[in-house]
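Each chain gets a letter, A, B and so on, in the order its sequence line appears, and its residues count up from 1.
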Amino acid sequence: MSSANTVKHSDVIASTTTRARKLTAEEIKEIEHEMTLYPDKQAVGLEALKIVQKHQGWVSDESLLGIARYLDIPAADLESVATFFNLVYRHPVGKNVILFCNSVSCWIMGCEGIKDHIKDKLGIDFGETSVSGDFTLIPVPCLGDCDRAPVMMVGEDLHRNLTPEIIDKIVLDYQSN
Amino acid sequence: MVTKPLTKNIDMTRGPLAIAAYESADGYQSVQVIAGGMSPEAVLQLVRDSGLKGRGGAGFPTGLKWSFVPQGENSPAQKYLVVNADEMEPGTFKDRLLMEGDPHLLIEGMIIASYAIQASMAYLFLRGEYTASERALKKAIGEAYDKGLLGKNILGTGFNLDIVLHTSAGRYICGEETALLNALEGKRATPRAKPPFPQVSGLWGKPTIVNNVETICNLPGILTYGVDWYHGLTKGSDHGSKLFGVSGKVKTPGCWELPLGTPIRELLEDYAGGMRDGLQLKGFLPGGGSTDFMLPEHLDLHLDYAEIASVGSRLATGTMIILDNKTCPVGMVGNLMKFFAHESCGFCTPCRDGLPWVDEIFNEFESGRGNEKDLQILHEHVDYLGPGRTFCALAPGATAPLGSGLKYFAEDFQRHIDEKCCPYKH
Ligand SMILES: Cc1cc2nc3c(=O)[nH]c(=O)nc-3n(C[C@H](O)[C@H](O)[C@H](O)COP(=O)(O)O)c2cc1C
Ligand code: SF4
Ligand code: FES
């Protein structure tokens, strides 16, 4: 699986100009902790991606290479994990990520109308970030709160029984200044 | 007598019980039973006798599953318990309640399951979006370590157990147990070929049991109050109580713990308050998005695995999604198909290529461009994506609402073709 030749790993995904970012001391500390919980380094890959995302906001190519080098695992393997998961952001995102449930119960309860309202209000569709940089809108499957649909998360907070009025209030609460 | 063992401590208007209060409510009694000298074999036998079936969807008998784990001197020393807390089945909201409402119950159950299969390491695979569950579980795990209920030589039994809370990062397929194992190993989460089954060769090639959160939460009661008590809980032929949820346009949607064997009508009318004023029940999915539609004429059946199977559906997660007469059934099935198409892991062709095609056809129907040929293609996909054609159960799951929707709501599909629009949209 892993080889000592980390330079070769890097070449697999990145253009020759992409350089691995040196992980911060804080990131390394958290990754080291995860390494005590799993029997091998590959298993820590996703955790490491999430740790870096927590600190940097998203996972750039440079960060991904940095993690691969630190864990001494092939960058291509880590890349295939990173691109598989919805919640690993490979592009910069806004200050607040809105995870908008568009699954069946929320659909029955009118989430499409709520989404249209968000679209009008913030000028963004799924996958987009508002001009202000405050919000990124992402669809997610069922958030497990179907009895209080429609539902969405803003960052780590869950918001339920959404109406256009509640959306207006949420936008005010989370937007900068 | 305890009649609601899963939710007796849950009151969502306050936080979950801290460990001291939990212990005063018979909490961790089952670990005392083990400390009193009950052998792993005896625990396994109790769970077999209880008749507990898995609550993760497939309804497989829990004790039987555990008995496949090789034991004895020649078996691998390292065994694993993995708890499946990746709840993402559309319309399913039960494991979240258990984890946010009473995290110690899950931890207590994990100790029992780990002891029975002799696992010294247990991973709790939690959906990344469940941040409130994560906070509650972290705190409870910490408390359990502080009390010596986790770690080395638990309550002087010589049994060791560590629990690691793993938070995932999305993707429904991670809930499929072998994809989950790949995800835990840090690999791309595609399902594995079976056999070998995880019970024999699972996480890092070691014997592994994967159980659902609710399944595990049944265990403390079985050990604390006994099998006879457990058998007294049900109103039907399957044992125990279960969480049942109702979502959609009913008066009081929610999630309740009820005896298995409760009539569906009671759940819908007494607990969920019946349909909202001015609406009628048109159909329902009894156990999440991967189950076949049922009809109003089925309301007098009971919430029982075999009874629901007798009309071609599955009890599965026990969380119902209600279709009313003013919501378009074609739109509802289309929404589910979009979900399945998006969540396909892409490993096998029928699912990777078939589901997006199905999704595309539903878009056509939605915009009034669906035709007879499209309808025929949809029918064909019920077979192409069905059981035995694909590597895992995701695609067959998609055919459940698709096939039953085509059958029960044929008239609605036809109207989309004839009227060249969605008839529910004016
Ligand atoms: C696509 C797919 C998704 C699944 N998602 C879940 C899930 O989120 N939670 C769960 O417990 N089981 C899920 N399952 C079922 C698991 O594969 C497995 O059967 C279950 O965790 C076993 O636990 P049990 O025996 O306690 O029911 C899923 C299955 C499939 C095919
Ligand atoms: S059926 Fe779908 S989800 Fe399952 S392995 Fe095949 S492509 Fe992946
Ligand atoms: S369908 Fe939206 S929370 Fe379940």
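The greatest number of non-hydrogen atom pairs below 4.5 Å with chain A, out of B:Ala189, B:Gly248, B:Gly289, is found for B:Ala189. Comparing B:Ala272, B:Cys174, B:Gly331, B:Cys328 by how many heavy-atom pairs each has under 4.5 Å with chain A, the most go to B:Gly331.
Between B:Arg127 and A:Leu143 the shortest side-chain heavy-atom distance falls below 4.5 Å. At least one side-chain heavy atom of A:Asn86 sits under 4.5 Å from a side-chain heavy atom of B:Glu343. Between B:Phe93 and A:Cys142 the shortest side-chain heavy-atom distance does not fall below 4.5 Å. Side-chain contact between A:Trp107 and B:Leu336 is absent, with no heavy atoms from C-beta onward closer than 4.5 Å. At a threshold of 4.5 Å between non-hydrogen side-chain atoms, the residues B:Glu185 and A:Gln42 do not count as touching.
Interface remark: B:Arg171 contributes backbone and side-chain atoms alike to the contact with chain A (heavy atom separation under 4.5 Å). Heavy atoms closer than 4.5 Å to chain A are found in both the backbone and the side chain of B:Thr167. Contact of A:Leu46 with chain B is made through the side chain alone, with heavy-atom distances under 4.5 Å. With a 4.5 Å cut-off on non-hydrogen atoms, A:Leu99 touches chain B through its side chain but not through its backbone. Residue contact with chain B, scored on non-hydrogen atoms closer than 4.5 Å, involves the side chain of A:Glu47 exclusively. For B:Phe339, the part lying near chain A is the side chain, with the backbone staying farther off; criterion is any non-hydrogen pair under 4.5 Å. In this structure, no portion of B:Val250 lies under 4.5 Å from any heavy atom of chain A. Interface residue B:Thr92: only backbone heavy atoms are found under 4.5 Å from chain A. When heavy atoms are compared at a cutoff of 4.5 Å, B:Thr319 does not approach chain A at all. With a 4.5 Å cut-off on non-hydrogen atoms, B:Asp324 touches chain A through its side chain but not through its backbone. Heavy atoms of A:Val44 lying under 4.5 Å from chain B are absent altogether. Contact annotation for B:Glu134: neither backbone nor side-chain heavy atoms come within less than 4.5 Å of a heavy atom of chain A.
Atom NZ of A:Lys22 sits in a sparse spot, with 12 or fewer heavy atoms from other residues, nucleotides or ligands closer than 6.0 Å. Around atom NE2 of B:His342, no more than 12 heavy atoms belonging to other residues, nucleotides or ligands sit under 6.0 Å away.
The line from NZ of B:Lys187 to CZ of A:Phe84 is 14.0 Å long, rounded to the nearest 0.5 Å. Here the straight-line distance linking atom NZ of B:Lys94 with atom CG of A:Asp147 works out to 14.0 Å at 0.5 Å rounding. Taken from CE in A:Met109 to CD1 in B:Ile322, the straight-line distance is 11.5 Å, to the nearest 0.5 Å. Atoms CD1 and NZ, from A:Ile108 and B:Lys249 in turn, are 8.0 Å apart once rounded to the nearest 0.5 Å.
In this structure, A:Lys50 contributes its side chain and B:Gly128 its backbone to no donor-acceptor pair below 3.5 Å.
Contact detail for A:Leu37 and B:Tyr123: the closest heavy-atom pair is O-OH, 2.7 Å. Shortest non-hydrogen contact noted between B:Gly170 and A:Phe85 is O-CD2, 3.2 Å. Minimum heavy-atom separation, B:Gly91 to A:Ser105: CA-OG, 3.7 Å. Nearest heavy-atom pair, B:Ser247 versus A:Cys146, reported as atom, atom and distance to 0.1 Å: CB-O, 3.5 Å. Heavy atoms only, all atoms of each residue included: B:Tyr130 and A:Gly144 are closest at OH-CA, 3.3 Å.
Of residues 150-164 of chain A, those residues with a non-hydrogen atom less than 4.5 Å from any non-hydrogen atom of chain B are, in numerical order, A:Met153, A:Glu156, A:Leu158.
Remark: A:Thr83 pairs with A:Glu79, B:Arg188 by the side chain to side chain contact (heavy atoms under 4.5 Å, CB included) rule, at least two apart or across chains.
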